[in-house]
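It should be emphasised that the depicted structure is a prediction, and the values quoted were computed from it without experimental measurement. In what follows, chains carry the letters A, B, and so on, assigned in the order in which the sequence lines appear, proteins first and then strands, with residues in each chain numbered from 1.
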Amino acid sequence: MPGELDELTQARVRKLDALREMGVDPFPKKYERSHLSGELIQHFEEIEGTTVRVAGRLVGAIRDLGGSGFAHILDASGRIQVLFRRNTLGAEGFSVYRLLDAGDFVGVAGKAMRTRTGEITVEAAELTFLSKAIRPLPEKWHGLTDVEKRHRQRYLDLIASEDVRRVFALRSRAVSAIRRFLDGRGFLEVETPILQTLAAGAAARPFETFSNALDASLYLRIAIELHLKRAVVGGIERVYEIGRVFRNEGVDRQHNPEFTMMELYQAYADYEDIMELVESLVSSVAVELLGTTRVQWGNDEIDLAPPWPRRTLRELMIELAGVDYAAYGDDGALIAAARAAGLNPEDTWNRAKLIDELKSSLVDPKLVQPCFVVDYPAETTPLAKRKSSESLLVERFEAFIGGMEIGDAFSELNDPIEQRRRMEDQAALGAEGDPGAQALDEDFLEALEHGMPPTGGVGIGIDRLVMVLANQPNIREVILFPLLRPRVGG
RNA sequence: GGGCCGCUAGCUCAAUGGCAGAGCAGCUGACUCUUAAUCAGCGGGUUCGGGGUUCAAGUCCCCGGCGGCUCACCA
């Protein structure tokens, strides 16, 4: 609230002034601490009775008892109780204590002890004021429950909720573990352009922007794929990137317009090798972070231990959707079958769209345990290699966990002639108005024409993987600052 | 985009169409082992915005905003 300060803020600003009048700098530059609260608690037996220095934000209530008071401070490792006593602190220090509010940062030096109830506590012999919060913190025992506020002001959510702090720590450690896993297998991490003159490599609507210097329209990338394959053409045989991709599409529990993708490409490998890599990656990350491959997902327990079952798309469609798409030669018959299966297909939907719709509404949600869905019709996947020269199927798999697509992978198409033909087919569909058609990337085709080794590749949705590891069914709970509608009026 | 629900004090929530309230937080005072501290007292409101009905609207009606859930769309 710029301008007018509400009553609570005014009260805190008055305390700020009072500190300055006492000659206390309310915003000093640094504080040397000896322990994090977690270290102190973990090694308390050795530390007990010695003087320690801790620092953090005052959270929860300050239990003021007149000549003494208890409070908790929160630091990066957790909470610890501090005790302020007039006798120990002295009159001057105690008058600083009297100006504390929940939310302020303090440094406390004093003896590590246990209270009568056994709680590990630092009894302050010295109190250093470190920073003033002039706005109040979220209410202390309901915590922060307004979902919008939790997302818009995630810092409050982090202060108020240990669970939320744990989720984002888990996410960070998951990304590190993935990097270690891939580095250990000889992969090189690279960075490729996010601003592109053409958004290719997937079927999605891009965000558009503009370069003043180049006087050209640019797009934010919708996939990393085609640049990483250029790197493979250049001889980087094992390459990956972990980065943001942007899709100008719907927002729901499983979709945020910007999300984090890990894509990797491995020369001389096919999609079978990539399956082994993915199940090994995911299960070993789970073991490293959680100590187990078994994770809770809502009411289900998921076991990430390899091997994951390989099921063909066609058999799953027959089993779970009741539709054998291979039995319907023309699109009209398939539309009728989709309608019979309970969908509302439009007449304009082509075969790829129909299969995708059937799969995503009738098959995907049922794939709770890890599963590789393999062998897709070629028309759904323009960048994948055919199973054999005359096959209608391509070597592609999608990895599913918790009913969500976690990864998408192929034996990469490296025949430049066929790749051009398949991209031209897509371009034709695009010209007919199919918004799901992929763009023809002439520059990429030129790279392929210089020769790419046989290569397997995969893209893994990091956000969704973290959702599974953290048992969070909403993608916004694993993104620190998810995209929200802009606030009106500031 | 559709449906349902919600928006009241800093926070969490009340209020048959009839004086807008409680707990916590805040302020004043008491209290040197509390942890939802306790006890006594005090202040705090554009009831999301706009319009309408009514003697009277937080409450009913209309329009709008934002959010949640859900369906649809979308890799």
Side-chain angles (χ1 to χ4, degrees), chain A residues 1 4-15 59-72 79-89 94 97 101-103 113-121 123-124 133-153 156 160 201-206 222-223 225 245-257 259 261 343-344 346 349 352-353 355-357 359-361 364 376 380-381 396 398 400 404-408 435-436 438 459 461 464 473-474 476 484-489:
Chain A
M1 77 221 66
E4 290 286 298
L5 299 179
D6 72 22
E7 187 198 346
L8 281 77
T9 301
Q10 284 176 22
R12 285 163 178 257
V13 170
R14 279 198 303 275
K15 292 179 183 178
V59 289
I62 298 169
R63 282 88 65 190
D64 182 21
L65 304 166
S68 72
F70 289 91
H72 281 90
R79 290 157 57 108
I80 189 157
Q81 182 167 261
V82 291
L83 166 60
F84 304 101
R85 294 179 66 218
R86 182 183 281 125
N87 291 355
T88 325
L89 205 45
F94 203 72
Y97 153 77
D101 286 299
M113 44 88 74
R114 276 188 200 274
T115 60
R116 206 167 282 166
T117 55
E119 180 164 355
I120 293 171
T121 299
E123 183 180 350
I134 63 168
R135 284 187 193 244
L137 250 35
E139 209 258 2
K140 68 182 173 190
W141 74 78
H142 292 101
L144 188 60
T145 54
D146 180 328
V147 176
E148 181 189 3
K149 185 162 258 188
R150 288 188 46 238
H151 293 155
R152 282 197 197 278
Q153 297 180 268
L156 296 179
R205 297 221 297 278
I222 57 173
E225 176 128 8
V245 299
F246 307 84
R247 297 185 180 180
N248 204 342
E249 289 170 352
V251 179
D252 62 30
R253 261 192 329 239
Q254 297 178 8
H255 298 84
N256 194 62
F259 60 102
M261 182 94 98
L343 264 64
N344 261 327
E346 291 164 25
W349 289 5
K353 169 81 174 164
I355 292 170
D356 189 58
E357 285 297 323
K359 184 177 87 64
S360 58
S361 59
D364 294 358
Y376 287 68
T380 65
T381 313
R396 172 187 182 186
E398 291 183 307
F400 281 85
M404 293 185 294
E405 180 202 335
I406 298 291
D408 189 5
Q438 297 194 23
R464 290 183 180 176
N474 191 325
R476 286 182 170 180
L484 300 173
R485 189 178 302 279
R487 258 163 147 171
V488 284

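Judged as a ring pair (Phe, Tyr, Trp, His ring centres under 6.0 Å), and not counting sequence neighbours, A:F259 has no contacts.
Close to B:C27, at under 4.0 Å from its OP1 or OP2, lies a side-chain N or O of A:K15.
Relative to the side chain of A:L65, the nucleotides B:C74, B:G10, B:A37 differ in distance, and B:A37 lies closest. Side chain of A:R86, nearest nucleotide from B:U32, B:C33, B:C74: B:U32. Distances were taken from every side-chain heavy atom of A:A61 (C-beta onward) to each of B:U35, B:C27, B:A37; the shortest belongs to B:A37. Relative to the side chain of A:A11, the nucleotides B:G26, B:C74, B:A37 differ in distance, and B:G26 lies closest.
B:U16 and B:C4: their C1' atoms are spaced 25 Å apart (whole Å). B:U12 and B:C71 have their P atoms separated by 27 Å, given to the nearest Å. Taking the C1' atoms as reference points, B:A25 lies 11 Å from B:A9, given to the whole Å. Going from the C1' atom of B:A22 to that of B:G45 covers 14 Å, rounded to whole Å. When the P atom is used for both B:C11 and B:G26, the distance is 15 Å, rounded to whole Å. Straight-line distance between the P atoms of B:U8 and B:G49: roughly 10 Å, to the nearest whole Å. Using atom P as the reference point in both B:G21 and B:U47, the two lie 13 Å apart (nearest Å). B:G1 and B:C60 have their C1' atoms separated by 29 Å, given to the nearest Å.
B:G6: Watson-Crick or G-U partner is B:C66, with both key distances under 3.5 Å. The partner of B:G23, taking Watson-Crick or G-U wobble pairs whose two distances both stay under 3.5 Å, is B:C11. Using N1 to N3 plus N6-O4 or O6-N4 for Watson-Crick, or N1-O2 and O6-N3 for G-U wobble, each under 3.5 Å, B:C60 pairs with B:G52. Across all strands shown, B:U38 forms a Watson-Crick or G-U wobble pair, both distances under 3.5 Å, with B:A30. Pairing for B:G43 is absent, with no Watson-Crick or G-U wobble pair whose two atom distances lie under 3.5 Å.
If you take CZ of A:R12 and P of B:A25, they are 12 Å apart, rounded to a whole angstrom. Counting to the nearest Å, the C1' atom of B:C74 and the CZ atom of A:F246 are 18 Å from each other. Protein atom OH of A:Y97 is 14 Å distant from nucleotide atom P of B:U34, rounded to whole Å. Regarding A:L83, its CG atom lies at a distance of 14 Å from the C1' atom of B:A37, rounded to whole Å. Between the CZ atom of A:R116 and the P atom of B:U32 there is a distance of 13 Å, given to the nearest Å. When the P atom of B:A37 is taken as reference, atom NE2 of A:H72 falls 10 Å away, rounded to whole Å.
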Write out a two-atom table: protein N or O, nucleotide N or O from nucleotides 39-44 of chain B, distance below 3.5 Å.
| residue | atom | partner | partner atom | Å |
| --- | --- | --- | --- | --- |
| B:G43 | N2 | A:E7 | OE1 | 3.0 |
| B:G43 | N2 | A:E7 | OE2 | 3.3 |

Heteroatom pairs (N/O) under 3.5 angstrom, protein to nucleotides 68-72 of chain B:
| residue | atom | partner | partner atom | Å |
| --- | --- | --- | --- | --- |
| B:G68 | OP1 | A:R476 | NH1 | 2.5 |
| B:U70 | OP1 | A:R253 | NH1 | 2.6 |
| B:U70 | OP2 | A:R253 | NH1 | 3.3 |

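When each of A:G66 and A:E398 is assigned the nucleotide of RNA chain B bearing its nearest heavy atom, the one mapping closer to the 5' terminus is A:G66. Toward the 5′ end of RNA chain B lies the nearest nucleotide of A:D101, the other residue of the pair A:D101 and A:S68 mapping further downstream.
Residue contacts for A:M113: at a heavy-atom cut-off of 4.0 Å it reaches a base atom on one of the strands shown. Among the heavy atoms of the strands lying under 4.0 Å from A:Q81 is at least one base atom, whether or not backbone atoms are also near. Within the nucleic acid shown, A:D408 comes within 4.0 Å of at least one base atom, counting heavy atoms only.
Side-chain contact annotation: A:Q81 with A:R63, donor-acceptor N/O pair under 3.5 Å present.
Summarising the geometry of A:R247 relative to A:A223, their closest heavy-atom pair is NH2-CB, 4.4 Å, with the distance given to 0.1 Å.
Of the candidates A:V245, A:I222, A:N248, A:P206 forms a side-chain contact (heavy atoms from CB on, under 4.5 Å) with just one, namely A:I222.
More than 12 heavy-atom neighbours from other residues, nucleotides or ligands sit within 6.0 angstrom of CZ on A:R114.
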